[in-house]
Amino acid sequence: MEKIKMTTPLVEMDGDEMTRILWKMIKDELLCPYIDLKTEYYDLGLEHRNETDDQVTIESAEATKKYGVAVKCATITPNAARMTEYNLKEMWKSPNGTIRAALDGTVFRAPIVVKGIEPCVRNWEKPITLARHAYGDVYKNTEIKVPGAGKAELVFTAEDGTTIRETIHEFKGSGILQGIHNTDESITSFAKACFNYALDTKQDLWFATKDTISKKYDHNFKDIFQEIYDAEYKEQFEKAGIEYFYTLIDDAVARVMKAKGGFIWACKNYDGDVMSDMVSSAFGSLAMMTSVLVSPSGVYEYEAAHGTVQRHYYKHLKGEETSTNSVATIFAWTGALRKRGELDHNQELMTFADRLEQATIRTIESGKMTKDLALITSMQNVTVLNSEDFIKAVRETLDRI
């Protein structure tokens, strides 16, 4: 069979540990036999990031702006233990944070729903999509470890030299400080991305912050969303028969647990980080979640929204068998290939992406799955496959579709 041709490359961002192993298996078994794969490759493995002083991450973000579509493997955000393990020059920042800041987008995450994998929350009947703001807040913070007594102040100096000054705290002893920021421009992009996504998918949009406590910072998010909705989207939402709904984050959590699903839940950066893991786990597994970063300029970066599966990687290095779920990583590739096909008017590529997703879901629904799913499935007498054999089983299903 002749391979599917590509006209424009994808930006390929390789990653770390077990997900890096799966990345190569997926390319070898599920992509390269069918596609004349064109990628601009960037190694975002921690060792290479360290060698390049993390410039490779910045270069990969710039390439994504150039080509419009990227696919990213899971990567390590180092802590003190990783500093020692990898002999790092410094504790490099999260690659995801760097890329998101460069692209200034919104991350949309949705569970991959499969028959036989029932949500932990019994009343959830439809997927819940998390829309996570991907700029600022704690991910672009500045921190100080306060050594002792003194006064902490928040100071803004305008271009004309005038200042705004507020006392944060009068320290009587040691402590910690953190400064965070956001911009009206980025919040506006976030709001518009959420409203457009809701219209595209014909789903209600919920948005939540803690504006009762954060009367300036969080309230600014609330105000910008409302102003944009009233001025640009209200009539479109009413015509589409969908609703925009604002509430406090704690109220949203309570409502989500009692809802049936089928809506988009927009969250600030940190809230979205936490809540997307909660939603994906409740639907089955962190490895059963799609994730795409959409920038205001129309740039897309697809990724697996989970970690590098460190424990399995160490087993793999010892030659021991692993049963690592590769579904989210497969869907990162299919999402990127479908978008590349859409932008290039390449129907063959789009159709292949659809087929590969169908093959992955059908493989699981036929009772062939990795251990994490076998432990929670309602199906009987399932076959538990190791990491490599699951990917090969998907290929067998793909060849029959």
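Values below: every heavy atom of this structure, side chains too, minus hydrogens, waters and symmetry copies. Here the structure is a predicted model, which means the values were calculated and not measured.
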Any carboxylate oxygen within less than 4.0 angstrom of a Lys/Arg side-chain nitrogen, looking at Glu90 and Arg82? no

* Flag yes if more than 12 heavy atoms outside Lys89 fall under 6.0 Å of its NZ atom; otherwise flag no. => yes

Rounded to the nearest 0.5 angstrom, the NZ-CG distance for Lys215 and Asn220 is 14.5 Å

| message | Within a 6.0 Å radius of atom OH on Tyr270, are there more than 12 heavy atoms belonging to other residues, nucleotides or ligands? | response | no

Would you verify whether the NZ or CZ of Lys268 falls within 45 degrees of the ring axis of Phe221 while also being under 6.0 Å from that six-membered ring's centre? yes

Is it the case that over 12 heavy atoms from other parts of the model lie below 6.0 angstrom from the CD atom of Glu235? no

### Query
Is atom CD of Gln178 surrounded by more than 12 heavy atoms (other residues, nucleotides or ligands) closer than 6.0 Å?
yes

Counting only heavy atoms not in Glu47, do more than 12 sit closer than 6.0 Å to its CD atom? no

More than 12 heavy atoms of other groups within 6.0 Å of Asn381 CG: no

Do Tyr313 and Asp16 have side-chain N/O donor and acceptor atoms under 3.5 Å apart?
-> no

Check your understanding: Side chains of Ser295 and Asp104: is there a donor and an acceptor less than 3.5 Å apart?
Key -> no

Original post:
How about Val309 and Thr19: do any of their side-chain heavy atoms sit closer than 4.5 Å?
Top reply: yes

Exercise. Side-chain contact test, heavy atoms from C-beta onward, threshold under 4.5 Å: evaluate it for Val69 versus Val11 and give yes or no.
Key: no

task: Examine the side chains of Asp160 and Thr162 and answer whether a donor and an acceptor come within less than 3.5 Å of each other.
output: yes

Of all heavy-atom pairs linking Ala134 and Leu293, the shortest is CB-CD1, 3.6 Å

- request: Flag the pair Tyr300 / Arg340 as yes when at least one side-chain heavy-atom distance between them is below 4.5 Å, and no otherwise.
  value: no

Pair Glu185-Ser189, side-chain donor/acceptor within less than 3.5 Å: no

Test side-chain contact (heavy atoms from CB on, under 4.5 Å) applied to Trp333 and Trp23, step by step: CA-CA 9 Å; Trp333 274 104; Trp23 193 261; 3.4 Å; yes

4.5 Å side-chain heavy-atom contact, Lys239 and Gln236
no

Worksheet entry | Carboxylate-amine/guanidinium proximity below 4.0 Å for Arg395 and Glu29 | yes

Residues at least two apart in sequence or cross-chain that pass side chain to side chain donor-acceptor pair (under 3.5 Å) with Thr75, listed by chain then number, are Lys72

(message) Hydrogens and angles aside, do Thr397 and Arg362 bring a side-chain donor and acceptor to less than 3.5 Å of each other?
(response) no

- Query: Honestly, is Arg132 close enough over Tyr139, meaning NZ or CZ under 6.0 Å from the six-membered ring centre and within 45° of the axis?
  - Reply: yes

Item to complete: For the pair Leu398 and Tyr34, evaluate side-chain contact (heavy atoms from CB on, under 4.5 Å) and give the outcome as yes or no after the intermediate values.
Response: CA-CA 10 Å; Leu398 178 64; Tyr34 307 92; 3.7 Å; yes

So, for Phe190 and Tyr135, is the gap between ring centers shorter than 6.0 Å?
no

d(Arg109 CZ, Thr129 OG1) to nearest 0.5 Å is 12.5 Å

- Item | Whether over 12 other heavy atoms sit under 6.0 Å from Glu153 CD | yes

Requested in this report: Assess whether salt bridge (Lys or Arg N to Asp or Glu O under 4.0 Å) is satisfied between Arg255 and Asp251, documenting all intermediate values.
Outcome: CA-CA 6 Å; Arg255 287 172 178 263; Asp251 180 53; 2.7 Å; yes

Of all heavy-atom pairs linking Cys194 and Ala266, the shortest is SG-CB, 3.8 Å

Q. For Glu166, does the CD atom have more than 12 heavy-atom neighbours from other residues, nucleotides or ligands under 6.0 Å away?
A. no

* Carefully, step by step, assess Phe263 and Phe245 under the rule side-chain contact (heavy atoms from CB on, under 4.5 Å). => CA-CA 11 Å; Phe263 56 87; Phe245 173 75; over 6 Å; no

Rounded to the nearest 0.5 angstrom, the CD-CD distance for Glu40 and Glu59 is 9.5 Å

- salt bridge (Lys or Arg N to Asp or Glu O under 4.0 Å) evaluation trace for Glu388 with Lys392: CA-CA 6 Å; Glu388 185 175 6; Lys392 288 182 176 179; 3.4 Å; yes

- Item | Asp354 and Gln358 side chains, donor-acceptor separation under 3.5 Å | no

- Message: Taking Glu348 first and then Lys3, would you say they form a salt bridge - that is, a charged N and a carboxylate O separated by under 4.0 Å?
- Response: no

Does any part of the side chain of Pro127, heavy atoms only, come nearer than 4.5 Å to the side chain of Pro111, both counted from C-beta? yes

* Asked: Do Asp204 and Tyr244 have side-chain atoms, one donor and one acceptor, less than 3.5 Å apart?
  -> no

Tested for ring pair (Phe, Tyr, Trp, His ring centres under 6.0 Å) against Phe108, the lone hit among Tyr197, Tyr302, Trp265 is Tyr197

### Trace of the side-chain contact (heavy atoms from CB on, under 4.5 Å) decision for Phe390 with Val327
CA-CA 10 Å; Phe390 175 75; Val327 172; 4.0 Å; yes

| query | Heavy-atom distance under 4.5 Å between the side chains of His133 and Asn182, does that happen here? | reply | yes

Note to self: Under a 3.5 Å cutoff, is there a donor and acceptor pairing between the side chains of Asn386 and Ser323?
What the structure shows: no

Report task. Indicate whether the side chain of Ser387 and that of Thr322 have a donor and an acceptor atom separated by less than 3.5 Å. Result -> yes

So CG of Leu286 and OG of Ser291: to nearest 0.5 Å the spacing works out to 11.5 Å

Parallel, tilted or perpendicular: rings of Trp124 and Phe283 (30°, 60°)
parallel

When every non-hydrogen atom of Ile99 is compared with those of Met13, the smallest separation belongs to CD1-SD, 3.7 Å

Side chains of Thr98 and Thr57: is there a donor and an acceptor less than 3.5 Å apart?
no

Exercise. So does Lys210 pair up with Asp218, basic N to acidic O under 4.0 Å?
Worked result: no

Taking Arg20 first and then Asp43, would you say they form a salt bridge - that is, a charged N and a carboxylate O separated by under 4.0 Å? yes

Of all heavy-atom pairs linking Ile264 and Ala198, the shortest is CD1-CA, 3.5 Å

> For residues Tyr42 and Glu12, is any side-chain donor paired with an opposing acceptor at under 3.5 Å?
Replying inline: no

Exercise. Under a 4.5 Å cut-off applied to non-hydrogen side-chain atoms, are Glu357 and Phe331 in contact?
Worked result: yes

With heavy-atom distances below 4.5 Å as the criterion, would you say the side chains of His316 and Met18 are in contact?
yes

Val384 and Ala374 have their tightest heavy-atom pair at CG2-CB, 3.5 Å

query = Is there a donor-acceptor contact under 3.5 Å linking the side chains of Glu227 and Tyr229?
reply = no

In terms of heavy-atom contacts, Met91 and Pro78 come closest through CG-O, 3.3 Å

Output for pair (Gln310 CD, Glu17 CD), nearest 0.5 Å, gives 5.0 Å

OH of Tyr67 to CG of Leu343, rounded to nearest 0.5 Å, is 14.5 Å

